[in-house]
Protein chains: 2
Amino acid sequence: MTQKELDILLQFFKTLADENRLKIIGLLSHREHSVGELAALLDLKEPTVSHHLARLKTLGLVDVRADGNNRFYRLDRAALGRLNQEIFSTERLTSWVDDIDVDAWDRKVLSDYIHDGKLKQIPTKEKKLIVILRWLITRFEPGRRYTERDVNDIIEGVYDDYAMLRRELVDFGFLARDSGGGGYWIPEDSV
Amino acid sequence: MTQKELDILLQFFKTLADENRLKIIGLLSHREHSVGELAALLDLKEPTVSHHLARLKTLGLVDVRADGNNRFYRLDRAALGRLNQEIFSTERLTSWVDDIDVDAWDRKVLSDYIHDGKLKQIPTKEKKLIVILRWLITRFEPGRRYTERDVNDIIEGVYDDYAMLRRELVDFGFLARDSGGGGYWIPEDSV
DNA sequence: GATCTATTTCGATATACTTCTAATTAGATT
DNA sequence: AATCTAATTAGAAGTATATCGAAATAGATC
């Protein structure tokens, strides 16, 4: 769903989220009314009713018909039904947020822990640690072999305790290690 | 529709009339999320998200599942569909306002033109005049005969120009007059 | 048990919106 | 043309509520 569609949806709910506007819709569902009539029925001043009607009109929910000085407003039922269908279709509901960046969480964590390209400290929470490790692993090329020294040097560029981070990378499967001294590499099924 | 039902409807729209709550629903439509995740995704602080979730929960739109310190919220799709059906059924739309007092218009006119039981002035608008006449005619008993003097006295109690009002009462059929001098009375089919 | 983490509650602030009065516009009536 | 009526527009005041920081709560971890 695009931001524009979300705005439309939002305007719809905002417009209907007022007791007097709901009552106006109810009154107009019976028959058309002038502004003065509505004001009297709802015990509001004309300008207030005028304001509410303007909002309903913006949404296309009501029509106006001028008759002398009076302006008779009536409900556009078709528009109401149309909005209903559009808004509450299942597809729409489940697609409300395609445009939200789901990596925002990752970025938040990164911005919290990384300043000027350096890791400030190692997060204790596993969920956050994984975000950091995922960021760190991008400095290694898939398919290439690294000596322990290589790995330490790369990590040290962003954090002093390279041994700790190297261990975490291995523990969480971001790096594989050959116990025979064959060095480190990114496993095929790396996260 | 009762006031209570209108309130429910109103709460529904008010709850959905917020951009971030719509986004939360969208996010939860994919999968459950913790408060912290939602806060990061929406770029809001936890208390704010907590507040939004509480409102959604009041409406029954979301469920909570506790897991350690985390609380995972998820969408109750059934509730959403249920509300949709209830809210947008045609019967409901057309019955929104049965409880609105349609005599309020009359009362408005009366309060505008009558102070302390006295008629301030005669409205020029026919619609309003009729309201006044309907009020005035209640001072006469159905089935009883009145002389012109009786009529004048009764009217003069509320307005000086009794001749004018008497004429209007007759013109609009609130009073019948016997051309032979037999006086005035309320006609059977009086409005 | 003390500490840490995620969430909620509380209190304050800032913003959006409803509602009103006053002034303006447009149409009808004299 | 002048007046009157209905409605809208403009501006102001009050109310509701979204948002945040600080404090409190509850669960997990050490």
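Proteins get letters first, then strands, A, B, ... in listed order; numbering begins at 1 in each. Note that these values count all heavy atoms, side chains included, but never hydrogens, waters or copies made by symmetry. Values in this document were obtained by computation on a predicted structure and should not be read as measured data.
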**OP:** Can you tell me the distance, in whole Å, between the CD atom of A:Glu46 and the P atom of C:dT18?
**Re:** 18 Å
Original post:
Is there a donor-acceptor contact under 3.5 Å linking the side chains of A:Glu32 and A:Tyr73?
Top reply: no
Original post:
Within the pair A:Asn70 and D:dT5, is there a side-chain N or O less than 4.0 Å away from OP1 or OP2?
Top reply: no
Subject >> Aromatic ring pairing A:Phe13/B:Phe13, orientation class (parallel under 30°, perpendicular over 60°, tilted between) >> reply: tilted
Original post:
What's the closest nucleotide to the B:Ser50 side chain, out of C:dC17, C:dT19, C:dT9?
Top reply: C:dT9
Subject >> Separation of atom CD in B:Gln121 from atom C1' in D:dC4, rounded to whole Å >> reply: 12 Å
**OP:** Rounded off to whole Å, could you give me the NE2-to-C1' distance for the A:His51 and C:dT19 pair?
**Re:** 9 Å
**OP:** Determine the contact category for B:Tyr73: base if any of its heavy atoms lies under 4.0 Å from a base atom, sugar-phosphate if only primed atoms, P, OP1 or OP2 are that close, otherwise nothing.
**Re:** sugar-phosphate
Subject >> Pair A:Asp153 + A:Arg149: basic N to acidic O under 4.0 Å >> reply: yes
Original post:
Taking the side chain of A:Thr48 as its heavy atoms from C-beta onward, which of C:dT19, D:dT19, D:dT8 lies nearest to it?
Top reply: C:dT19
**OP:** Could you check B:Arg71 against A:Lys14 and say which one's nearest nucleotide on DNA chain C is further toward the 5' end?
**Re:** B:Arg71
Original post:
Rounded to the nearest Å, what distance is computed from the CG atom of residue A:Leu53 to the C1' atom of nucleotide D:dT8?
Top reply: 11 Å
Original post:
Taking atom OH of A:Tyr162 as the centre, does the number of heavy atoms from other residues, nucleotides or ligands within less than 6.0 Å exceed 12?
Top reply: no
Subject >> Residue pair B:Met164 / B:Ile122: nearest heavy atoms and the distance that separates them >> reply: CG-CD1, 3.3 Å
**OP:** Using atom NZ of A:Lys45 as one end and atom P of D:dA13 as the other, report the distance to the nearest whole Å.
**Re:** 19 Å
Subject >> Rounded distance (Å) that lies between atom P of D:dA7 and atom CG of A:Asp67 >> reply: 10 Å
Subject >> Gap between atoms CZ and P, on A:Arg55 and C:dT19 respectively (whole Å) >> reply: 11 Å
Original post:
The side chain of A:Pro47 lies closest to which of these nucleotides: D:dT19, C:dT7, C:dA22?
Top reply: C:dA22
Subject >> Side chain of B:Ser34 - closest among D:dT5, D:dT8, C:dT7 >> reply: C:dT7
Subject >> Gap between atoms CZ and C1', on A:Arg21 and C:dT18 respectively (whole Å) >> reply: 8 Å
**OP:** Could you pick out which residue, A:Asp18 or A:Asn69, lies toward the 5' side of DNA chain C when each is mapped onto its nearest nucleotide?
**Re:** A:Asp18
